[in-house]
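Below: the structure, in structure tokens.
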Number of protein chains: 2
Amino acid sequence: MATTEKASTRDRLLDAAAELFYRDGVSIGVEALCRTAGVSKRSMYQLFDSKDEVLAASLERRAPGYAAQLMPGPEDAGTPRERILYVFEQVEKASVGPGYQGCPFLAALVELKDPEHPASRVAATAKQRLLDAFRTQAELGGARDPELLARQLMLVFDGASARAGARIETLDGLATATASTLLDAAGLPE
Amino acid sequence: MATTEKASTRDRLLDAAAELFYRDGVSIGVEALCRTAGVSKRSMYQLFDSKDEVLAASLERRAPGYAAQLMPGPEDAGTPRERILYVFEQVEKASVGPGYQGCPFLAALVELKDPEHPASRVAATAKQRLLDAFRTQAELGGARDPELLARQLMLVFDGASARAGARIETLDGLATATASTLLDAAGLPE
DNA sequence: CAGCGAGGAAACCGATCGGTCTACCGGGCG
DNA sequence: CGCCCGGTAGACCGATCGGTTTCCTCGCTG
């Protein structure tokens, strides 16, 4: 079987969903979503039980690429400190893009408000993975309290992406500088 | 003239709006809003031009009380450091409440996505006031870079309230500890 | 070629959206 | 008393919501 087929109906739908939900929020309509994806509502409701499931699936699909964009590959050399700071540099880089609206997973959690919503569970899992990655690097770097440091870094990460996405902060080294200060205090050396 | 009259139509409407928009998000309907407030749609549309204006006005009304809850009164003694940390203690206290959904102003900015929306402008102003308060205290305390410190504290504040509101973080000293670390690094003494 | 299934177009469902408007009610005031 | 005014209740508007269904056209396969 070929690994490169033309994008399936499902793929087109989830790609459009990821983009529209991110740009316009979760209250975008099914009609507009299907029109954009070039997929009929009939097909959408054969693939998914509800709009909520489409949202959840689109976030799930987005997760690996999101992580890859933020995290340096396992091959890239670098100290734990460098690997952590790389994440914040990437956020700052992304945040200057014209369509930047902050972390899509946090946005979904804020908009849905219900932690039990299927999409909320997906989003929470994605955030958990970043927390885990921070903790792993904190441990490797010999931080005094890796769990504490990882949670602190998540505060900065989410604060920075939310504020930049809302256009009330420009970052511009701010996130990296703040993370760096926390790394210093945690005893994570160069 | 009496300072205590029974709540005016406008007051009842804005109080209900603040609560519903916060609890259910900005996409709550005008119908449900008016029913909850005990105000007819007719009255609402005589007082405001649109639902968007109601949202903006409800946030504006909420702002002073929100600030008062977070900030110690000007009479309360305390070093700048103590006054700053008080804010984070208050967030942690509020975040354990059952209906906590994070900072209502940041939530509105995230949900609306449009920085030009009238309610977004109100929300941005409210956030700016907290930033100003942080910077003032940072200056009073002799921080090396008061503007930088204030922006860092806002990252922590918004990250902490968003994550606690989304139920993916419990705080429990985390926000205060993180702020404290940043204060140390900025040279703001006890 | 015939037959079949996937999927698009679009009508349709009841409910709700933001917003307008009419009808009515009650209290204050001449 | 008679009038007006602030307000409520709720019908109503066209549009859209999430979701279902019908119809028809493709392209594949035997």
Side-chain angles (χ1 to χ4, degrees), chain A residues 1-2 4-59 61 108 111-114 116-120 122, chain B residues 1-2 4-59 108 111-114 116-122:
Chain A
M1 64 180 78
T4 56
E5 307 172 355
K6 56 198 218 287
S8 71
T9 301
R10 186 171 190 277
D11 290 342
R12 274 185 292 129
L13 181 61
L14 291 185
D15 286 344
E19 183 187 334
L20 282 187
F21 282 135
Y22 182 60
R23 201 187 56 193
D24 300 329
V26 300
S27 54
I28 182 78
V30 170
E31 193 90 38
L33 172 57
C34 287
R35 200 184 324 119
T36 305
V39 169
S40 67
K41 293 171 75 174
R42 179 186 200 275
S43 301
M44 182 192 121
Y45 280 107
Q46 277 172 202
L47 291 165
F48 300 96
D49 286 345
S50 67
K51 175 194 169 185
D52 288 341
E53 298 294 336
V54 176
L55 172 58
S58 77
L59 288 183
R61 183 176 163 82
E111 290 178 44
L112 294 172
K113 300 196 186 292
D114 175 13
E116 309 301 318
H117 190 290
S120 293
V122 173
Chain B
M1 65 179 73
T4 56
E5 308 174 354
K6 53 199 220 288
S8 72
T9 302
R10 186 172 189 275
D11 290 343
R12 273 185 292 130
L13 180 60
L14 291 184
D15 285 345
E19 184 188 332
L20 283 188
F21 283 135
Y22 182 60
R23 200 188 55 193
D24 300 330
V26 300
S27 53
I28 182 75
V30 171
E31 193 90 37
L33 172 56
C34 287
R35 201 183 324 118
T36 304
V39 168
S40 67
K41 293 171 76 175
R42 175 191 163 85
S43 299
M44 183 193 119
Y45 280 106
Q46 276 172 202
L47 290 166
F48 300 97
D49 286 345
S50 67
K51 176 193 168 186
D52 288 340
E53 297 294 336
V54 176
L55 172 58
S58 77
L59 288 183
E111 290 177 46
L112 294 172
K113 299 194 187 296
D114 174 12
E116 310 299 319
H117 190 291
S120 293
R121 297 181 182 276
V122 173

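The basis for the numbers below is simple: all heavy atoms, side chains too, and nothing from hydrogens, waters or symmetry mates.
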- Message: Does D:dT8 have OP1 or OP2 under 4.0 Å away from a side-chain N or O of B:Arg12?
- Response: yes

- Report the distance from atom CZ of B:Arg10 to atom P of D:dG6, rounded to the nearest whole Å. 16 Å

- The single option from B:Asp15, B:Val122, B:Leu14 that satisfies side-chain contact (heavy atoms from CB on, under 4.5 Å) with B:Ser58 is B:Leu14

- Message: Between A:Val54 and A:Val30, is there a side-chain heavy-atom distance shorter than 4.5 Å?
- Response: no

- In whole angstrom, what separates B:Gln46's CD from D:dG7's P? 8 Å

- Message: Without decimals, in angstroms, what is the distance between B:Arg42 CZ and C:dC24 P?
- Response: 14 Å

- Taking the side chain as every heavy atom from C-beta outward, state whether A:Lys113 and B:Glu111 have any pair of such atoms under 4.5 Å apart. yes

- Taking the nucleotide of DNA chain D with the closest heavy atom to each, which residue, A:Asp52 or B:Glu31, is nearer the 5' end? B:Glu31

- Query: What's the CD1-C1' distance between B:Ile28 and C:dT16, to the nearest Å?
  - Reply: 11 Å

- Task: Check the distance between C:dC24's P and B:Lys41's NZ and give it to me in whole angstrom.
- Result: 20 Å

- Ignoring backbone atoms, establish whether A:Lys51 has a side-chain N or O less than 4.0 Å from OP1 or OP2 of D:dG18. yes

- Message: Can you see if the side chain of B:Ser43 gets near the phosphate of D:dG7 - specifically, an N or O under 4.0 Å from OP1 or OP2?
- Response: no

- Spacing of CG belonging to B:Asp52 relative to CG belonging to B:Asp114, to within rounding of 0.5 Å: 9.5 Å

- Message: In the structure I gave you, are the side-chain heavy atoms of A:Lys51 and A:Val26 within less than 4.5 Å of one another anywhere?
- Response: no

- Message: With a cut-off of less than 4.0 Å, is there a side-chain N or O of A:Tyr45 near OP1 or OP2 of D:dT20?
- Response: no

- Item | Separation of D:dG19 P from A:Leu55 CG (nearest whole Å) | 12 Å

- Message: Measure CZ/B:Arg35 against P/D:dG7 and give the value in whole Å, please.
- Response: 21 Å

- Rounded distance in Å - CG (B:Asp49) to P (C:dT20): 9 Å

- side-chain N/O B:Ser40 vs D:dT8 OP1/OP2, d < 4.0 Å: yes

